[in-house]
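This structure is a prediction, so every number in the text was calculated from the model and none was measured.
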Amino acid sequence: MSFTKTIQSAAIECLEELYGNKFSEKDFQVNETKVEFKGDYTVVLFSLLKPLKESPENLGKKLGDLLIKKHANLFSNYNIIKGFLNLSLSDDSLLNLLKENYDDVCFGKNPLNHKKVMVEYSSPNTNKPLHLGHLRNIFIGWSVSEILKANGNEVYKSSIVNDRGIHICKSMIAWQEFAKNATPQSTNTKGDHFVGNYYVKFNDEYRKEVKEIVDEGKPEAEAEKEAPIMKKTQQMLLDWENGKPEVIELWNKMNGWVYKGFDETYKRLGTDFDQTFYESKTYILGKEFVKKGLEDGSFYKKEDGSVWIDLSDAGLDEKLLLRGDGTSVYITQDIGLVKQKFEEYQLDESIYVIGDEQIYHMNVLKEICRKLGMTFTDKIFHLSYGMVELTTGKMKSREGTVVDADDLIDEMVDTSKKHTEDLGKVKDFTEVELKELYETLGLGAMKFYLLRVDPKKRMVFNPEESIDFHGFTGPFIQYTYARIQSILRKTGELMNNDQWGMYNEKPLLEKLFPLERSLITFLEKYSNIISQAADELNPSVIANYVFHLAKTFNSFYAEHSVANAESEEKKLLRLQISVMTATVIKSAMQLLGIKVPERM
RNA sequence: GGCCCCGUAGCUCAGUGGAUAGAGCAACAGCCUUCUAAGCUGUGGGUCACACGUUCGAAUCGUGUCGGGGUCACCA
């Protein structure tokens with residue numbers, strides 16, 4: 001049980017003994033004591049004053065006295081300022097916590113709760129390479145999955161690949177018309193980039209054709225419909241849904257190129273999935289639903305053959321489910337996939353990591369499920385994250401301002417290489433070790449930069465700031481870890497069991513210094529932090545915590561020597577603090593998908 | 001226009017009912033013969049968009065105003 005909870009229940013018990021009133025956790029707060037006051041935890045008394053008809057001074061004194069009397073091992077003393085009862089934990093209670101947990105690599109994680117959760121993330125289109133926005137999505141999805149696991153859930157990571165639809169046909173048409181049978185191999189281009197180039201080519205060509213028609217005097221809306229290349233694309237989508245062999249063959253070939261490219265990027269990012277769904281399969285399920293919905297009257301057909309649902313009673317609009325020509329739209333396969341997920345995996349919750357511009361879309365999806373009487377509607381959760389913007393404004397593919405994922409990774413790894421070479425601390429590393437270190441640091445910086453902000457909020461990507469390796473960054477925390485490992489290497493001879501055993505049996509004679517206290521109390525909070533991050537589906541909670549932990553350790557490091565401590569006891573105590581700090585840093589960083597190096 | 005999100009230091013962000021609102025970056029001043037200076041210590045920087053309300057107590061909750069963004073496609 002955490003200190004906060006222990007103190008709260010102790011206070012509830014004492015209050016009942018003193019006044020006979022039964023209080024619950026909601027009736028008063030236990031907070032961390034602010035640094036400018038003496039104490040570790042604070043019972044806020046204000047809300048208790050009225051029901052108990054007491055003054056803050058009297059209540060504080062009575063409660064403080066009884067708490068200390070009943071829990072002499074937990075508390076050392078207390079003070080009262082206004083309505084705040086500040087309690088100081090005893091050195092013994094902190095030392096016990098340290099002794100019991102310092103080498104527990106699972107410290108802070110919660111036991112299994114048998115809840116099955118699926119997290120869907122990344123979900124790329126197969127017509128263009130991954131960009132900065134995908135990176136935020138991927139990092140959030142992966143990290144949230146790990147956090148949920150650490151909190152005791154059984155987690156399935158999944159991805160839905162948008163491998164079909166009009167946009168896919170666009171790059172196919174462009175390749176057919178302009179590529180002259182070029183391939184990623186023949187042009188030495190990564191597959192996803194190769195296909196992406198033809199998607200761009202399509203748009204260039206399309207704009208050109210539209211302009212020509214407009215110049216002939218037709219209105220733009222009409223021109224957009226009439227452009228020959230667009231007509232070809234629409235025909236290709238129809239051919240695709242009808243299974244025309246040469247179209248399917250082309251589609252398979254080009255998607256294959258893209259998947260190869262994606263796999264390379266995922267591998268480098270250290271991202272994985274337990275299950276990959278393909279829209280080309282799920283849209284068929286969706287179509288069956290539309291058929292069923294038509295039969296039972298949930299949906300209706302318009303004159304042109306298109307199928308609709310009316311959601312106006314739920315405050316939403318009429319939504320198209322199937323085009324007049326029978327081809328399906330974005331939402332069609334979503335309906336199919338929702339059901340497949342819940343039935344195959346018996347999920348208790350299904351989390352979708354999707355941008356906040358799709359909030360409306362997800363509301364529509366839920367509403368359709370509700371109308372169709374699906375029981376799992378309320379287990380669908382949209383983790384909507386904010387757009388990543390550039391300092392110059394929004395990313396727009398048409399204006400070429402999209403930050404490409406692969407380019408960005410290269411840049412971050414190059415930067416870490418440059419910093420490392422400038423500092424010259426690892427000159428004895430082999431080529432392979434160096435390469436691994438650069439990846440660890442570069443990716444660490446990038447992941448931390450994107451995860452340190454609350455997912456729900458929009459964020460600004462500042463290139464200069466993102467390659468900064470000082471302060472609130474991944475490398476700062478990695479550096480702290482490497483420093484601790486350095487201490488442990490140098491004091492390695494002390495780590496044998498006899499020494500630890502001696503220390504564990506002997507009481508510590510000297511008092512804990514403030515920084516030693518803050519480190520232990522801060523380490524203790526890790527479990528609460530994991531729970532909070534899991535409840536909020538928010539990796540930034542972990543990022544902020546682990547930064548603060550590293551920061552505190554660095555202050556401790558500057559103030560107190562471990563290897564040359566004042567006494568053998570202090571040395572062992574500080575080694576335990578160091579070991580536990582390193583363990584928690586490693587564990588927390590792992591929840592963010594970030595590796596920590598032994599040296600840097 | 002309807003619905004939704006956001007507004008905290010020069011910039012990027014924490015803090016979501018408690019004490020004198022915090023970090024990082026940027027600026028300035030110090031600290032390496034002692035465990036890694038990718039570090040540490042200090043200084044300056046705030047009408048928490050604005051107004052009213054609820055409360056013993058509001059950056060945090062409510063209402064309204066202003067400002068920014070998203071969305072309301074036979075795009076995904």
Side-chain angles (χ1 to χ4, degrees), chain A residues 29 31 33-37 42 44-47 49-50 56 81-84 86 123 125 127 162 164-168 170 234 279 302 304-308 315-317 319-325 327-331 334 355-361 363-364 384 386-387 389 391 394 416 419-420 422-423 425-426 441 445 449 452-454 456-462 464-466 468-480 482-491 540-541 543-544 547-548 550-551 553-565 574 578 599-600:
Chain A
Q29 290 177 13
N31 298 335
T33 304
K34 290 216 160 198
V35 281
E36 55 267 35
F37 299 97
T42 297
V44 184
L45 303 173
F46 297 104
S47 57
L49 301 178
K50 221 180 251 175
I81 297 169
K82 292 194 260 177
F84 301 97
N86 300 324
S123 307
N125 296 339
N127 62 344
N162 296 117
R164 62 154 290 284
I166 194 85
H167 57 302
I168 306 299
K170 286 178 181 175
Q234 282 159 348
E279 191 182 312
K302 289 197 178 173
D304 63 355
S306 58
V307 179
W308 297 74
L316 305 169
D317 308 77
K319 292 301 296 183
L320 175 87
L321 300 176
L322 217 54
R323 293 192 187 97
D325 64 5
T327 58
S328 57
V329 288
Y330 183 45
I331 197 124
D334 271 343
D356 61 8
E357 76 275 13
Q358 295 197 39
I359 290 175
Y360 177 78
H361 170 80
N363 285 339
V364 168
S384 73
M387 289 270 151
E389 286 173 24
T391 42
K394 279 187 220 163
S416 72
H419 278 287
T420 306
D422 287 350
L423 291 166
K425 293 180 185 179
V426 288
L441 297 178
Y449 184 79
R452 66 185 206 182
V453 181
D454 186 335
K456 292 189 288 296
K457 296 201 174 176
R458 271 186 292 149
M459 68 175 288
V460 175
F461 181 85
N462 181 334
E464 284 163 33
E465 205 178 77
S466 70
D468 191 352
F469 284 16
H470 304 268
F472 188 24
T473 67
F476 172 92
I477 297 155
Q478 292 171 317
Y479 175 72
T480 309
R483 261 184 154 182
I484 297 175
Q485 295 312 305
S486 173
I487 297 174
L488 299 180
R489 278 192 298 273
K490 298 211 164 148
T491 55
S540 80
V541 171
N544 278 288
F547 169 69
H548 194 123
K551 182 96 188 135
F553 186 87
N554 282 325
S555 300
F556 160 84
Y557 180 93
E559 180 96 10
H560 305 292
S561 176
V562 177
N564 298 311
R574 286 179 194 159
S578 303
R599 286 177 59 195
M600 64 186 275

Would you please determine if the base of B:A19 is stacked by A:Phe37, with stacking meaning a centroid separation under 5.5 angstrom and planes under 30 degrees?
yes
Winner on side-chain proximity to A:Ala558, out of B:C40, B:C25, B:A76, is B:C40
With centres under 5.5 Å and planes under 30°, do A:Phe84 and B:A19 count as stacked?
yes
Is there any protein nitrogen or oxygen under 3.5 Å from a nitrogen or oxygen in nucleotides 12-14 of chain B, and what are the pairs?
from  : atom 1 : to       : atom 2 : distance (Å)
B:U12 : O2'    : A:Glu465 : OE1    : 3.4
B:C13 : OP1    : A:Val460 : N      : 2.7
B:A14 : OP1    : A:Asp454 : N      : 2.9
B:A14 : OP2    : A:Lys457 : NZ     : 3.3

Which nucleotide in B:U36, B:A19, B:C72 has an atom nearest any side-chain atom of A:Tyr360:
B:C72
Quote, to the nearest angstrom, the P distance that separates B:C25 from B:G42.
14 Å
On RNA chain B, compare the nucleotides closest to A:His419 and A:Val541; which residue's is nearer the 5' end?
A:Val541
Rounding to an integer number of angstrom, what distance separates B:A51 and B:A14 when you compare their C1' atoms?
27 Å
Which nucleotide wins on minimum distance to the side chain of A:Asn162, given the candidates B:A37, B:A76, B:A19?
B:A76
Between B:A23, B:C35, B:U41, which one does the side chain of A:Ser555 approach most closely?
B:U41
Nearest of B:A19, B:A76, B:C40 to any side-chain atom of A:Arg323?
B:A76
Selected nucleotide, minimal atom distance to A:Lys551 side chain, candidates B:A37, B:C40, B:C25:
B:C40
What integer number of Å spans the P atoms of B:C6 and B:U63?
14 Å
Treating a pair as Watson-Crick (purine N1 to pyrimidine N3 plus N6-O4 or O6-N4) or G-U wobble (N1-O2 and O6-N3) with both distances under 3.5 Å, list the stems of 3 or more consecutive pairs that involve RNA chain B.
B:1-7 with B:66-72, B:10-13 with B:22-25, B:27-31 with B:39-43, B:49-53 with B:61-65
Determine the Euclidean distance between corresponding P atoms of B:U36 and B:G45; express it in Å to zero decimal places.
38 Å
Would you measure the distance from the P atom in B:C4 across to the matching atom in B:U65 and give it in whole Å?
14 Å
Roughly how many Å apart are B:C40 and B:U34, using the C1' atom of each and rounding to a whole number?
15 Å
Work out how far the P atom of B:A26 is from that of B:G68, and round it to whole angstrom.
31 Å
